[in-house]
A.B. asks: 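Mind looking over this structure? Questions follow.
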Amino acid sequence: MLTSFRNLFAPPRDLILVIAAIWIGLWLAEKRSEKHGISVNDLNNIVFFPLIGYILGGRILFALENLSAFAQNPQSLISFNLDLFDPIGGLAIALIVAMVYGQRQKLSLWPTLDALTPLFAVFALGLGLAHLASGSAFGKETSLPWGIQLWGATRHPSQVYEILAALLILGLLWFQKSESRPGIYFLTFAALTSGSRLFLEAFRGDSTLIFGGLRTAQVVAWIVLAISLYLLDRTSEKFISKMATRSDG
Amino acid sequence: MQLIQRRTIYALILIASLAWIFISADRAGTSTAGEIPAPRQGFLAPDFTLQSLEGETFTLSELRGQAVLVNLWATWCPPCRAEMPAMQKMYEEYNDQGFVILALNMTYQDTPSAVLPFKQEYELTFPILLETNGKVATQYELRSLPSSFFIDRDGIIQEVVIGGPMAEALLRTRIESILE
């Protein structure tokens, strides 16, 4: 079944799924953006401009990191090779572009993040499907009956766990009752996603390890979870005091 | 939810998560990447023995200690043709540092008589191996031509590039990485 799924798409199959997820996620986000006070136009722009920044920034930073290779063959800069790319650098540029756009358009942080949350949730689902299609983010070896044959061993279907968790989070958020406190929608997504990553990383066979075997992704996820819960708590407190002030007035 | 109730739940979540991080720590470093042969970054490159156009036998595992680029290609495939000059240039530049190219012609889905003229046309000096029964293509889960596997001196795949043509800068960065 896994092989059939992986054969459905020609390489780069993971990229096709990620692009499809961005498109569907944006379409879903558009449906609710006005509710968060963000216009459809601003929503599209805050996705489109950072995306351009990601693509160009990732390539330019990769070229700067490998200057001698590009100096000998400058036309490689416009090559279609997806591997000539620095994803972390691209992400940093995308964030900078998003912040600059947000500031110039005077977009409030929390409502904007709330409006983008459906996109983030569908993107997480698309990422899981992309991992399944490419066989990356693979699980550790197991003898459990639902183990899958991948990369020469029977492994935890970590990509399937990832997809199920993303589906669950998307469902929970989509059918969550209307929330008037700005930021709650995004912070709930951040807390649920970091929590699921923290739990599911334990079944991965490709974790980067630190400090005698701790999984880096779990440590990062714990920090994100702690920040999300702290901000959720603070947002709730602020909202309660605001409501109390209003009723007193 | 009451303030104290909520904060207690949040604190319990964080404590339980922290415990899970320590319980699920991989102290033995049990990742099997690097031990099992699989056509995937971080895994041991699946071994094969094939004959070159000239009849010489090449076994991948015998090249341990050298950095190897295994390139799966066919004469009818335009991106395969397009990347050959850059591969030849890199081979000439890095061969003396221990870099080898094994260009596996997918002879079982190619015209065998076209391979030698192709080699002569592009003046290729690296070994062209003939994959006549599709066994190596299956081992390497070939789904698209060209497919390239950059293998380090320990026989571990460091990078897989599906499709092409590979830009010269891509070849250069990856070759320098596997030569380290």
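Each chain gets a letter, A, B and so on, in the order the sequences are listed, and its residues count up from 1.
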A.B. asks: Output the option from G213(A), A221(A), S68(A), S79(A) having the highest count of non-hydrogen pairs under 4.5 Å with chain B.
C.D. replies: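 Ranked by contacts with chain B, first place is G213(A).
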A.B. asks: Test your reading of the model: is there a side-chain donor-acceptor pair from S24(B) to the backbone of A202(A), 3.5 Å cut-off?
C.D. replies: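 Not at all, since once roles are kept as given, no pair shorter than 3.5 Å links the two residues.
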A.B. asks: Does Y230(A) have more than 12 heavy atoms from other residues, nucleotides or ligands lying within 6.0 Å of its OH?
C.D. replies: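 12 or below, so no.
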A.B. asks: Is it the backbone or the side chain of P39(B) that comes under 4.5 Å from a heavy atom of chain A, or both, or neither?
C.D. replies: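 The answer is both parts of P39(B).
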A.B. asks: Between W222(A) and S17(B), is there a donor-acceptor pair closer than 3.5 Å when you use the side chain of the first and the backbone of the second?
C.D. replies: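 No.
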A.B. asks: Quick check: closest heavy atoms across A169(B) and N73(A), and the distance to 0.1 Å?
C.D. replies: N-OD1, 4.3 Å
A.B. asks: Answer yes or no: is there a side-chain heavy-atom contact under 4.5 Å between F22(B) and Q218(A)?
C.D. replies: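 When only atoms from C-beta onward are counted, Q218(A) and F22(B) do not touch, as no gap falls below 4.5 Å.
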A.B. asks: Is R172(B) reaching over with its side chain to a backbone N or O of N66(A), donor-acceptor style, under 3.5 angstrom?
C.D. replies: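 Checking the backbone N and O of N66(A) against the side chain of R172(B), no donor-acceptor pair under 3.5 Å is found.
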A.B. asks: If you count the non-hydrogen atoms of other residues, nucleotides and ligands that lie under 6.0 Å from CH2 in W174(A), is the total more than 12?
C.D. replies: yes
A.B. asks: Counting only heavy atoms from other residues, nucleotides and ligands, does the tally under 6.0 Å from CD1 of I88(A) exceed 12?
C.D. replies: no
A.B. asks: Go through the steps for K140(A) and D26(B) under the test side chain to side chain contact (heavy atoms under 4.5 Å, CB included), then give the verdict.
C.D. replies: CA-CA 10 Å; K140(A) 64 180 181 185; D26(B) 188 4; over 6 Å; no
A.B. asks: Please find the pair of heavy atoms, one from N81(A) and one from P165(B), that lie closest to each other, and give the distance.
C.D. replies: ND2-O, 3.0 Å
A.B. asks: Just do the side chain to side chain contact (heavy atoms under 4.5 Å, CB included) check on S136(A) and R40(B) with the steps written out, would you?
C.D. replies: CA-CA 9 Å; S136(A) 52; R40(B) 165 98 200 150; 3.2 Å; yes
A.B. asks: Taking all atoms of both residues into account, what is the closest heavy-atom pair of T173(B) and A69(A), and its distance?
C.D. replies: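 Closest pair (atom of T173(B), atom of A69(A), distance): CG2-CB, 3.9 Å.
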A.B. asks: Which bit of L171(B) comes within less than 4.5 Å of chain A, counting heavy atoms only: side chain, backbone, both or neither?
C.D. replies: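 Interface part for L171(B): neither.
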A.B. asks: Heavy-atom cut-off 4.5 Å, strictly under: side chain, backbone, both or neither for D233(A) against chain B?
C.D. replies: both
A.B. asks: At a 4.5 Å cut-off on heavy atoms, which part of F62(A) comes close to chain B: side chain, backbone, both, or neither?
C.D. replies: side chain
A.B. asks: If I take atom CD from residue Q41(B) and atom CH2 from residue W151(A), how far apart are they, to the nearest 0.5 angstrom?
C.D. replies: 11.0 Å
A.B. asks: Count the heavy atoms of every other residue, nucleotide or ligand shown that sit under 6.0 Å from CD of E123(B), and state whether that count exceeds 12.
C.D. replies: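 12 or below, so no.
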A.B. asks: Measuring from atom CG of L225(A) to atom CG of L14(B), what distance do you get when rounded to the nearest 0.5 angstrom?
C.D. replies: 5.0 Å
A.B. asks: Between OG of S228(A) and CD1 of I13(B), what distance do you get to the nearest 0.5 Å?
C.D. replies: 11.0 Å
A.B. asks: Measuring only between side-chain heavy atoms, which start at C-beta, is E93(B) closer than 4.5 Å to Q72(A)?
C.D. replies: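 Counting from C-beta outward, E93(B) and Q72(A) do come under 4.5 Å.
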A.B. asks: Given a strict heavy-atom distance threshold of 4.5 Å, which part of F80(A) is in contact with chain B: side chain, backbone, both, or neither?
C.D. replies: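 Contact with chain B involves no heavy atom of F80(A) at all.
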A.B. asks: Can you give me the closest heavy-atom contact between L214(A) and A25(B), atom names plus distance?
C.D. replies: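 The pair with the smallest heavy-atom distance is CD2-CB, 3.9 Å.
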A.B. asks: With rounding to the nearest 0.5 Å, note down the distance linking CG in L84(A) to CZ in R174(B).
C.D. replies: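 If we round to the nearest 0.5 Å, L84(A):CG and R174(B):CZ are 6.5 Å apart.
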A.B. asks: List the atom of A153(A), the atom of I36(B), and the distance in Å for their closest heavy-atom pair.
C.D. replies: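 Looking at all heavy atoms of both residues, the closest pair is CB-CD1, 3.9 Å.
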A.B. asks: Is it the side chain or the backbone of Q75(A) that comes within 4.5 Å of chain B heavy atoms, both, or neither?
C.D. replies: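 Nothing of Q75(A), per the 4.5 Å heavy-atom cut-off to chain B.
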A.B. asks: Drop me the distance from I21(B)'s CD1 to F199(A)'s CZ, to the nearest 0.5 angstrom.
C.D. replies: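 Answer rounded to 0.5 Å: 13.0 Å.
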